[in-house]
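Everything below concerns the one structure shown next.
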Amino acid sequence: MSNKPNIANIAQYVDQEITLNGWLYNLRGSNKIAFPQLRDGSGIIQCVAKKSVLGDEAFAELRRLGQESALSITGTIHVDERAKSGFEMQVAGIKVHQNVSGYPISPKEHGPAFLHDNRHLWMRSKRQHAILKVRHLCIRAIRDYFDERDFLLLDSPIFTPNPCEGTSTLFETDYFGQPAYLSQSGQLYQEAGAMAFGKTYTFGPTFRAEKSSTRRHLTEFWMVEPELAYADIDDVMDLAEDFMVEVVRYVLERGGREHLAVLERDVGPLENVQKPFPRMTYDEACAQLAKLDQPVDPDSDFGAPHETKLTQQYDRPIMVHRYPTAVKAFYMKEDPENPARALGMDMLAPEGYGEIIGSGQREDSEDILVRKIAEHGLNREHFEWYLDLRRYGSVPHGGFGLGLERLVAWVCGLQHIRETVPFPRMMDRLRP
RNA sequence: UCCCGCUUAGCUCAGCUGGUUAGAGCAUCUGACUGUUAAUCAGAGGGUCCGCAGUUCAAGUCUGCGAGUGGGAGCCA
């Protein structure tokens with residue numbers, strides 16, 4: 001445990017005089033007593049400053065402090081029901097490092113554009129603290145999950161010589177005179193890893209230059225991608241389901257409830273995240289959607305209204321598998337029982353959050369893969385190393401990709417994905 | 001890329017059918033107040049009404065173009 005006092009561990013210091021370093025979150029009071037709220041990064045505590053204790057000069061200086069002034073406050077910690085956190089500091093002295101005036105983010109409401117322009121300051125506020133701490137919890141949960149199950153962390157490269165899938169638009173960079181692209185997925189490299197180590201995962205930033213300006217898209221986002229050798233689509237679905245249950249449970253058990261309360265997130269839907277998740281084929285889902293007056297065009301992917309309608313029927317994430325081969329990536333294995341269907345699965349989150357996991361069993365036949373690369377108009381030269389994986393010890397294998405920000409948005413119950421990342425990168429936003 | 005909305009004080013917004021000097025709350029500054037929880041009360045300062053062009057006796061208000069921003073679609077995690 002930390003041996004230095006901070007607001008998060010303040011209960012250890014009741015009736016002791018300590019010094020807290022932080023920033024002024026808010027200031028109320030009269031000309032005899034004032035209530036500076038000090039923020040130190042770990043929390044917020046209300047302090048009680050009396051003119052009779054501090055003296056006229058120091059009290060007057062305190063009253064002039066602006067929001068986010070940098071302060072060290074020394075005083076005694078007391079339990080007090082009148083303070084929101086239950087603890088209060090009776091101030092003995094204040095050291096002012098900087099008196100601030102004109103801090104742009106006031107305690108009143110602001111619009112999203114203004115707040116994102118001031119993202120570097122906005123992240124000091126309570127709500128953003130809660131979201132970014134839930135993000136941190138999700139990351140820990142994901143790492144722990146795979147580490148405890150003997151997956152090797154095998155980082156996929158960010159610079160890639162060719163598109164992984166050939167579908168999405170890529171960010172091109174000048175790599176010493178030749179084009180290189182920022183990775184849109186680390187999956188292909190994980191397939192090499194799975195054949196080397198059996199179970200691997202990568203967890204890092206990925207980039208999509210798609211002109212998608214919606215509440216569910218970022219141009220830079222974090223994705224975790226596990227890959228398993230000797231695994232079929234059912235193994236992948238079992239893994240994805242178990243993973244989601246454990247991650248949500250971890251977040252709730254490790255302090256997430258406190259943060260979700262700040263966000264006024266109803267945790268009921270999160271507590272519902274228990275096995276088994278409903279599993280259905282694409283064709284079964286289409287039949288259900290047709291009954292719900294939301295028909296799907298034959299052999300087309302779902303649109304947003306389809307996903308919304310379908311997920312509304314369930315109280316937990318659902319897994320839809322065996323999508324039309326035509327709408328899926330070249331590396332996805334065709335269903336041996338029906339080549340028009342691919343052995344891929346999407347996990348759709350409830351409450352309208354849509355696709356959070358894309359997964360599948362990979363094509364393990366060199367011949368079929370060569371044909372698919374040609375059908376997708378891809379340059380085979382770029383994939384010779386990938387075809388090697390089918391020449392030297394090819395086995396059934398698969399894995400999934402989870403978008404971290406979509407997970408965090410759903411867990412937190414946010415309207416927009418952009419608040420789930422410290423500095424969002426979107427089509428129309430590169431700053432700050 | 002397509003469709004729809006919005007742009008007025010530092011921030012959030014009001015501003016009627018086009019009509020005299022542009023409105024509020026918060027923030028800022030000054031003052032009052034011994035337990036405040038977005039404290040309250042009194043006062044003050046603060047405006048290129050997004051930009052350009054047009055219609056009109058008259059434009060924050062109407063029209064066109066452009067920019068920014070928000071939402072949706074497609075595509076995806």
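Using a 3.5 Å distance cut-off with no hydrogens or angles, the side chains of A:Y189 and A:D155 do not pair a donor with an acceptor.
Here A:T214 lies in heavy-atom contact (under 4.0 Å) with a base. Among the atoms of the strands shown, base atoms are found under 4.0 Å from some heavy atom of A:R63. Contacts of A:G66 with the nucleic acid, taken as non-hydrogen atoms under 4.0 Å apart, are absent. No engagement by A:G102 is indicated, since no non-hydrogen atom pair under 4.0 Å with the nucleic acid exists. No contact: A:A83 has no heavy atom under 4.0 Å from any strand. Within the nucleic acid shown, A:D301 comes within 4.0 Å of sugar-phosphate atoms alone, with no base atom in reach, counting heavy atoms only.
For A:R82, the side-chain atoms get nearest to B:G35 when compared with the rest of B:C76, B:G35, B:C11. When distances are taken from the side chain of A:N26 to each of B:C26, B:G35, B:A38, the shortest belongs to B:A38. Distance from the side chain of A:M223 is smallest to B:A77 among B:U37, B:A77, B:A38. For A:L218, the listed nucleotide lying nearest its side chain is B:A77; candidates were B:G35, B:A77, B:G74. Among the nucleotides B:G71, B:U37, B:G35, the one closest to the side chain of A:K84 is B:U37. If you check B:A77, B:U37, B:G35 against the side chain of A:F35, the one that comes closest is B:G35. Among B:U12, B:G74, B:A39, the nucleotide with an atom closest to any side-chain atom of A:R28 is B:A39. Taking only side-chain atoms of A:R216, from C-beta outward, the nucleotide of B:U37, B:C76, B:G70 with the closest atom is B:C76. Relative to the side chain of A:S101, the nucleotides B:G70, B:A38, B:C29 differ in distance, and B:C29 lies closest. Closest approach to the A:R418 side chain among B:G71, B:G35, B:U37 is made by B:G71 (side chain taken as heavy atoms from C-beta onward).
A:K372 and A:E363 are not joined by a salt bridge, as no carboxylate oxygen comes within less than 4.0 angstrom of a charged side-chain nitrogen. A:D117 and A:R429 are joined by a salt bridge, as a carboxylate oxygen and a charged side-chain nitrogen come within less than 4.0 angstrom of each other. A salt bridge does not link A:R406 to A:E355: none of the charged side-chain nitrogens sits closer than 4.0 Å to a carboxylate oxygen.
Straight-line distance between the C1' atoms of B:G72 and B:C57: roughly 44 Å, to the nearest whole Å. Nucleotides B:A44 and B:U48 have their C1' atoms positioned 24 Å apart, rounded to a whole Å.
Stem regions annotated for RNA chain B: B:1-7 with B:67-73, B:10-13 with B:23-26, B:28-32 with B:40-44, B:50-54 with B:62-66, counting only runs of 3 or more consecutive pairs of Watson-Crick or G-U type with both contacts under 3.5 Å.
Applying the salt bridge (charged side-chain N to carboxylate O under 4.0 Å, His left out) test between A:D346 and each of A:R279, A:R322, A:K328 identifies A:K328 as the sole match.
Applying the side chain to side chain donor-acceptor pair (under 3.5 Å) rule to pairs touching residues 94-103 of chain A yields A:S69-A:N99, A:S72-A:H97, sequence neighbours excluded.
Looking at residues two or more places apart in sequence or on another chain, you find a ring pair (Phe, Tyr, Trp, His ring centres under 6.0 Å) between A:F114 and A:H110.
What separates NZ of A:K328 from C1' of B:A77 is a distance of 11 Å, to the nearest Å. The distance between atom CZ of A:F59 and atom P of B:C33, rounded to the nearest whole Å, is 11 Å.
The distance from atom CZ of A:F277 to atom CG of A:D238, rounded to the nearest 0.5 Å, is 11.5 Å.
Donor-acceptor pairing under 3.5 Å, judged by distance alone, is absent between the side chain of A:Q37 and the base of B:U37.
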